[in-house]
Protein chains: 2
Amino acid sequence: MIATIRDVAKKASVSVATVSRFVNDTGRVSNETAFRVRAAINELGFRPNAVARNLSKSHSRTLGVVIPSLNNPVFADAVAGINAEARSCGYTLMFTSTDYNLEDEVRTVSTLLDYRVDGLILTVADSNISLIPDMLKNAGVPYVLIYNQPSTYQHPTITVDNIGAGWEVAQALIGLGHERLGMVAGQFLASDRADARRDGFINGAAEHGLKEPIVIEVDFVSPHLEKTLAPIYAERETAPSALFCSNDLLAISVIGALGRLGLDVPKDVSVIGFDGIAVGTHLHPTLATVIQPSYEMGRAATRQLLDRLAGKDCPMTKILPHTLRIGESAGPATKLSPAFLINSNQKKQWRPSK
Amino acid sequence: MIATIRDVAKKASVSVATVSRFVNDTGRVSNETAFRVRAAINELGFRPNAVARNLSKSHSRTLGVVIPSLNNPVFADAVAGINAEARSCGYTLMFTSTDYNLEDEVRTVSTLLDYRVDGLILTVADSNISLIPDMLKNAGVPYVLIYNQPSTYQHPTITVDNIGAGWEVAQALIGLGHERLGMVAGQFLASDRADARRDGFINGAAEHGLKEPIVIEVDFVSPHLEKTLAPIYAERETAPSALFCSNDLLAISVIGALGRLGLDVPKDVSVIGFDGIAVGTHLHPTLATVIQPSYEMGRAATRQLLDRLAGKDCPMTKILPHTLRIGESAGPATKLSPAFLINSNQKKQWRPSK
DNA sequence: ATGAAAGCGCTAACAG
DNA sequence: CTGTTAGCGCTTTCAT
């Protein structure tokens, strides 16, 4: 069995109080006593039991992290940021992913609460529906939402301007000459952030008098995507010449599906995603997208939470800046002509001007 | 302050022992007592303090997870599997990523040990160098390595046959007519598994009398890759016609870099990765790769760890099956001719026969 | 500067 | 069936 503070005390012929003081550097300890204690600790390989300490003090130096899925790199990046910041402040993470399962969400938060995490960082499926933020607020447990876009700013949140970004995407696409816009949203459609992105996008389109973008909802990524897109692109004259996808993963799949339908991106259709996941920059064509500073968002959320724990009062909502990257997957609209029926293989790729 | 077991006991006019029995369903409690206790619990919103419980019992129902990086989806997938299995067994995860930093590795493991996790699931940078497995073994803390490929099987490990897979890749490439093979490895080269993959690959090549594949080592993914590859592909006659990358992320970058150098994959160069990350199937061309059952590996590791905790003795090493997927990024070798200097844009893509 | 002792919230004998 | 009580390992007054 691993040595306890009592073992150390005995071996050093001091009281446990002294050992405790030495270990935590709280209160004076004479030099020679310190020497003996240090020796005992090393001999015994003593490491203070954090569980016992946590029970004694009233905190755990532990943060709960709950996100929908690690599958999406955007969350993985945020967790990396959370991890970095938390560790550098002496906190360790209790982590769970919920797979967008509402019940799991509350179950997992309850468990984390049982472990008495000092605070929680979470992105819930839909912050306008989830009971969790209110539950946390009532319980008096510090927390901050990340990525979520509550319609009212009553919960601490780190996010980007999803509406504004959606609007910018519309502007950019219109600027490239596109007139028939579409949006494709995945499981995220039932999510506050996807909603916001769509609203901004549709507004942007409306502002230019374009007819409302069609919204294509897809349930699962892989096989259905092609089937969903096929009928739409059977009629090229009416099909969107530019597609805004609610996230990068989806955008990548859409590009693939479009390719398999014989359509070239960006020559035939422009595609733009959301998130700015790293892999997008390595693709060919590179992925046009709205970049969220995910890692930074993770850090910011952690910092805010820690500040809150320290009693500082922080701004309720922090909007981090996003960046629109017009990668190669988005290009100028080309006028449709009967020629579009001919599968010309010229690779005149449009490249963004720097 | 949140209610304690004592508050409940008082309100229900019973002893704490009875409340404890009721909560943990250990020992009989009369119906009417149960009724009162339940009422008190609900009224007070009592939730047992897991920290206190953990101190009392000698376990924490907590598992430590340490992996190099969440940046690589392959780890994210494994963590998802760990999360699923652990949660279904009532365990929660303490998570940290180390960014391949050796010092961080031991620091983080120490912290996890301080929190008295019941066991650890980890992939260390290089299990043949890391002190951690031995440290854990000596400390008597249950653990299992995942993805690692220790040269001697003295640590519980869940992995795939990296050597065999590397060998198969060589065979497959040779079967496609390739004679000049190359391997490109990233930060992973200082890793046991990348080593194993390379060994298998080189052996496979040697078996067919091919000259030893060149090994291209790259430090960072993004910009340097092109610079590294450029001089090699300046001389097409000697440059590898097929590249085996130590992981999928790297393979995707290589394909991108090659493209920017004016080389087409798979027409000019075949590229095959390792891991089987999901995004690979959505690319165009789809990524050829060795699929590891990452999610399953995470689950298997967790199950094995839990079994070990339960006292069952498990096989030291468990090798899960991998699958070679010849995606579109790997195709038949084309004989070089002076024509290769001409940038012909025919899109005659090779597709794997099912 | 150091020790004694009372908790932190819960579990688990041991009595009754 | 239920209550008493002694820990679990550490922190923290309060004395000395």
Side-chain angles (χ1 to χ4, degrees), chain A residues 1-38 40-41 44-62 90 110-118 139 141, chain B residues 1-38 40-41 44-62 90 110-118:
Chain A
M1 222 54 228
I2 186 170
T4 75
I5 200 176
R6 195 136 37 208
D7 300 326
V8 175
K10 198 178 305 170
K11 168 147 286 184
S13 316
V14 296
S15 71
V16 294
T18 300
V19 178
S20 177
R21 287 190 199 99
F22 174 82
V23 171
N24 300 297
D25 192 28
T26 156
R28 301 266 55 116
V29 177
S30 82
N31 279 327
E32 52 175 330
T33 308
F35 184 83
R36 294 211 315 282
V37 173
R38 182 171 15 243
I41 287 178
L44 266 34
F46 169 74
R47 303 234 64 195
N49 182 327
V51 178
R53 170 180 295 168
N54 295 343
L55 180 59
S56 201
K57 332 250 289 200
S58 311
H59 61 242
S60 62
R61 297 263 169 232
T62 266
S110 300
T111 303
L112 260 17
L113 256 23
D114 290 349
Y115 276 95
R116 298 300 188 265
V117 294
D118 291 341
V141 182
Chain B
M1 219 59 224
I2 186 169
T4 74
I5 198 176
R6 196 137 31 207
D7 300 326
V8 176
K10 199 177 306 169
K11 168 148 285 185
S13 317
V14 296
S15 71
V16 294
T18 299
V19 178
S20 177
R21 287 190 199 98
F22 173 82
V23 171
N24 300 296
D25 193 29
T26 154
R28 302 266 53 122
V29 177
S30 82
N31 278 329
E32 52 176 330
T33 308
F35 184 82
R36 291 212 316 284
V37 173
R38 179 168 21 241
I41 287 179
L44 266 33
F46 169 75
R47 303 235 63 193
N49 182 327
V51 178
R53 171 181 294 167
N54 295 343
L55 180 60
S56 198
K57 335 251 288 203
S58 315
H59 61 241
S60 61
R61 298 264 170 232
T62 265
S110 299
T111 303
L112 259 18
L113 256 24
D114 290 349
Y115 276 94
R116 300 299 188 267
V117 294
D118 290 341

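Residue numbering restarts at 1 for every chain, and letters A, B, ... go by the order of the sequence lines. These figures come from a predicted structure and were not determined experimentally.
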**Q** Within the 4.5 Å heavy-atom criterion, are A:V14 and A:V19 side-chain neighbours or not?
**A**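 A:V14 reaches A:V19 side chain to side chain.
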**Q** Do B:F46 and B:V23 touch side chain to side chain, with heavy atoms closer than 4.5 Å?
**A**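 Of all side-chain heavy-atom pairs linking B:V23 with B:F46, at least one is under 4.5 Å.
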**Q** For the pair made of CG in B:L55 and C1' in D:dA6, what is the distance, rounded to whole Å?
**A**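 The distance from CG of B:L55 to C1' of D:dA6 comes to 13 Å, rounded to the nearest Å.
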**Q** Does B:V23 reach a base, just sugar-phosphate, or nothing at all? Heavy atoms under 4.0 Å.
**A**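 No contact.
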**Q** Heavy-atom nearest nucleotide on DNA chain C for B:S20 versus A:E32: which residue maps closer to 5'?
**A**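 Upstream on the strand: A:E32.
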**Q** With a 4.0 Å limit, can you tell me whether A:N24 has a side-chain N or O closer than that to the phosphate oxygens OP1/OP2 of D:dT11?
**A**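 Answer yes for this pair, as a side-chain N or O of A:N24 is under 4.0 Å from OP1 or OP2.
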**Q** Work out which heavy atom in A:R116 is nearest to a heavy atom in B:R47; give both atom names and the distance.
**A**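 In this case the closest contact between A:R116 and B:R47 is NH2-O, 3.1 Å.
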**Q** Indicate yes or no for a side-chain donor-acceptor contact from A:Y115 to the backbone of B:S60 under 3.5 Å, with no hydrogens or angles considered.
**A**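 Yes: the side chain of A:Y115 pairs with the backbone of B:S60.
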**Q** Can you measure B:R116 atom CZ to C:dC10 atom C1' for me and round it to whole angstrom units?
**A** 18 Å
**Q** Nearest heavy-atom pair of A:R21 and A:R28: which atoms, and what distance?
**A**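 Nearest pair, atom of A:R21 first, then A:R28: CD-O, 4.4 Å.
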**Q** Looking at A:T33 and A:S30, what are the two nearest heavy atoms and their distance?
**A** OG1-OG, 2.6 Å
**Q** To the nearest Å, give me how far apart CZ (A:F22) and P (D:dT11) are.
**A** 13 Å
**Q** Rounded to whole Å, please give me the gap between OH in A:Y115 and C1' in C:dC8.
**A**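 Answer to the nearest Å: 18 Å.
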**Q** What is the separation between atom NZ on B:K57 and atom P on D:dG9, rounded to the nearest whole Å?
**A** 15 Å
**Q** Which residues, if any, of residues 4-18 of chain B bring a heavy atom under 4.0 Å of DNA chain C?
**A**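 Here the set is B:T4, B:I5, B:R6, B:A17.
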**Q** Can you work out whether B:A52 or B:R21 has the more 5'-proximal nearest nucleotide on DNA chain D?
**A**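 Looking at the nearest nucleotide for each, B:R21 comes out on the 5' side.
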**Q** Is there a side-chain polar atom (N or O) of B:S56 under 4.0 Å from OP1 or OP2 of C:dA12?
**A** no
**Q** Between the main-chain N or O of B:A12 and the side-chain N or O of B:R36, is there a donor-acceptor pair closer than 3.5 Å?
**A**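 Yes.
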**Q** Whole Å only: how far is the CD1 atom of B:I41 from the P atom of C:dC10?
**A**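 Rounded to whole Å, this separation is 10 Å.
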**Q** For the pair made of CZ in B:R53 and C1' in D:dG9, what is the distance, rounded to whole Å?
**A** 18 Å
**Q** Let me know the distance between CG of A:D25 and P of D:dT12, rounded to the nearest Å.
**A** 13 Å
